[in-house]
Amino acid sequence: MKKPKIRFKGYQEDWEQRKFADVVDIGSGMDYKHLEEGNIPVYGTGGYLLSVNKALSDDKDAIGIGRKGTIDKPYILRAPFWTVDTLFYCIPKENYDLDFTSCIFQNVDWKKKDESTGVPSLSKVIINNVETATPTMDEQQKIGEYFSNLDHLITLHHRKYMKYADLSVFDWEQRKLGDVFEQTANFVNPNDDDIELWSLTVEDGLTPKSERYNREFLVKKKLISKRFDQEI
């Protein structure tokens, strides 16, 4: 394969064409209902489910990808772990970095690999036959670390956003004009330039009137007696 156009400095070697069968060993998930409660996390296509007392992989991290249902959301599994029967776990082989392997899984349009007529499904054969390209282990680690740090940064900013985007602080409450303004029956001389004129609009809220407005038209005694019991 030709060299990628964008890469880290110091790397010149060509990337090598591979199939996923060369990169990972695929394991099948199993039912967990016969297991006892413990501290080993059980994962499904949607993430963590519960914890049990045994593991399918004791010391090897993997990439989890759905066998059935949600097939396009691969994610990293940290050992020890157990996966349900709808989730494959794919352990990188020797000389393949976990984070880089996660990147190439993320780069596949898995929905296009679905050959079912009903519920979206993947098989080991389909996954193993996916073609990819890989660099040296050193460059893999560089790429994997970069995107791992980027994922952590995105997660951090997302949490900050969710913290400050609590819509409850922006709840609007229904009020009457009488709750907002104090009504007066005093006559206002429309020609008195010392009296400021203001306008209340939906777009801009309470804003001062500019000089282009006709004061005689805006300030009339009959408007002063208008009732302030209409809801806004």
Side-chain angles (χ1 to χ4, degrees), residues 1-27 29 39-51 55-67 69-84 86-113 122 126-128 130-167:
M1 178 183 174
K2 295 181 179 180
K3 300 176 183 178
K5 293 181 179 179
I6 300 176
R7 65 196 307 186
F8 290 101
K9 292 182 179 180
Y11 298 99
Q12 301 295 330
E13 298 86 353
D14 289 343
W15 287 31
E16 297 182 351
Q17 199 77 24
R18 291 285 185 267
K19 288 188 175 182
F20 272 40
D22 304 315
V23 179
V24 295
D25 288 317
I26 305 176
N39 58 1
I40 307 297
V42 177
Y43 296 100
T45 56
Y48 172 78
L49 297 174
L50 73 166
S51 296
L56 288 176
S57 177
D58 290 299
D59 54 5
K60 294 182 179 180
D61 298 335
I63 310 299
I65 185 167
R67 179 183 67 83
T70 304
I71 63 174
D72 61 335
K73 304 292 183 183
Y75 61 94
I76 291 178
L77 303 170
R78 299 291 181 182
F81 62 81
W82 185 285
T83 64
V84 300
T86 57
L87 186 71
F88 289 127
Y89 60 96
C90 308
I91 299 175
K93 294 184 177 182
E94 187 177 359
N95 295 325
Y96 289 98
D97 177 71
L98 177 71
D99 289 322
F100 176 80
T101 304
S102 176
C103 289
I104 62 176
F105 266 82
Q106 298 287 347
N107 204 36
V108 176
D109 188 348
W110 292 106
K111 287 185 176 181
K112 289 186 177 180
K113 306 296 182 182
L122 291 176
I126 292 173
I127 298 173
N128 280 330
V130 173
E131 294 185 349
T132 186
T134 62
T136 63
M137 182 61 167
D138 187 53
E139 190 172 2
Q140 287 181 42
Q141 291 173 336
K142 195 80 172 179
I143 295 170
E145 180 183 17
Y146 176 84
F147 281 102
S148 178
N149 291 337
L150 186 60
D151 285 341
H152 288 313
L153 184 62
I154 292 172
T155 301
L156 176 63
H157 282 285
H158 178 70
R159 288 175 179 172
K160 287 183 178 179
Y161 169 78
M162 294 304 295
K163 178 180 179 180
Y164 293 109
D166 184 358
L167 296 181

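Bear in mind that the values here come from a model prediction, so they are computed numbers and not experimental data.
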| Can you tell if the side chain of Leu77 reaches within under 4.5 Å of the side chain of Thr83, non-hydrogen atoms only? |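 Side chain of Leu77 against side chain of Thr83, heavy atoms only: contact under 4.5 Å found.
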
| said: So Ile76 and Asp99, do their side chains get closer than 4.5 Å, heavy atoms only? | reply: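 Yes; the side chains approach each other to less than 4.5 Å.
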
| message | Whether the side chain of Trp110 engages the backbone of Phe105 through a donor-acceptor N/O pair (distance < 3.5 Å, no angle test) should be reported. | response |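 Side chain of Trp110 to backbone of Phe105: a pair is present.
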
| said: Tell me whether Ser102 contacts the main-chain N or O of Leu98 through its side chain, where contact means a donor paired with an acceptor under 3.5 Å. | reply: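 No; zero donor-acceptor contacts below 3.5 Å.
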
| task | Carefully, step by step, assess Leu122 and Arg67 under the rule side-chain contact (heavy atoms from CB on, under 4.5 Å). | result | CA-CA 5 Å; Leu122 291 176; Arg67 179 183 67 83; 5.7 Å; no

For the atom pair [atom1] ([X]) and [atom2] ([Y]), what is the distance rounded to the nearest 0.5 Å?
X      : Y      : atom1 : atom2 : value
Leu156 : Lys160 : CG    : NZ    : 4.5 Å
Gln106 : Asp72  : CD    : CG    : 9.5 Å
Asp151 : Tyr146 : CG    : OH    : 11.0 Å
Met137 : Glu94  : CE    : CD    : 9.0 Å
Thr70  : Lys73  : OG1   : NZ    : 8.0 Å
Thr134 : Phe20  : OG1   : CZ    : 10.5 Å

| query | Do other residues, nucleotides or ligands put more than 12 heavy atoms under 6.0 Å from the CZ atom of Phe8? | reply |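 Counting other residues, nucleotides and ligands, CZ of Phe8 exceeds 12 neighbours.
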
Could you tell me which non-hydrogen atom of [X] sits nearest to which non-hydrogen atom of [Y], and how far apart they are?
X      : Y      : value
Asp97  : Gly144 : OD2-CA, 4.1 Å
Gly66  : Ile71  : O-CG2, 3.6 Å
Ile40  : Pro80  : CD1-CG, 3.6 Å
Leu56  : Gly29  : CD1-CA, 4.0 Å
Phe100 : Pro135 : CZ-CD, 3.4 Å
Arg18  : Val23  : CB-CG2, 4.4 Å

| request: Step by step, work out the side-chain contact (heavy atoms from CB on, under 4.5 Å) result for Ile63 and Val24. | output: CA-CA 9 Å; Ile63 310 299; Val24 295; 5.6 Å; no

| request: May I have the step-by-step check of side-chain hydrogen bond (donor to acceptor under 3.5 Å, both in side chains) for Asp22 and Tyr96, ending in yes or no? | output: CA-CA 10 Å; Asp22 304 315; Tyr96 289 98; over 6 Å; no

| task | Decide, yes or no, whether a salt bridge links Asp25 with Lys93 under the criterion of side-chain N to carboxylate O below 4.0 Å. | result |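 Yes, this pair counts.
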
| In terms of ring plane angle, is the pair Tyr43 and Tyr75 parallel, tilted or perpendicular, where the classes change at 30° and 60°? |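 Aromatic pair Tyr43/Tyr75 classed perpendicular.
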
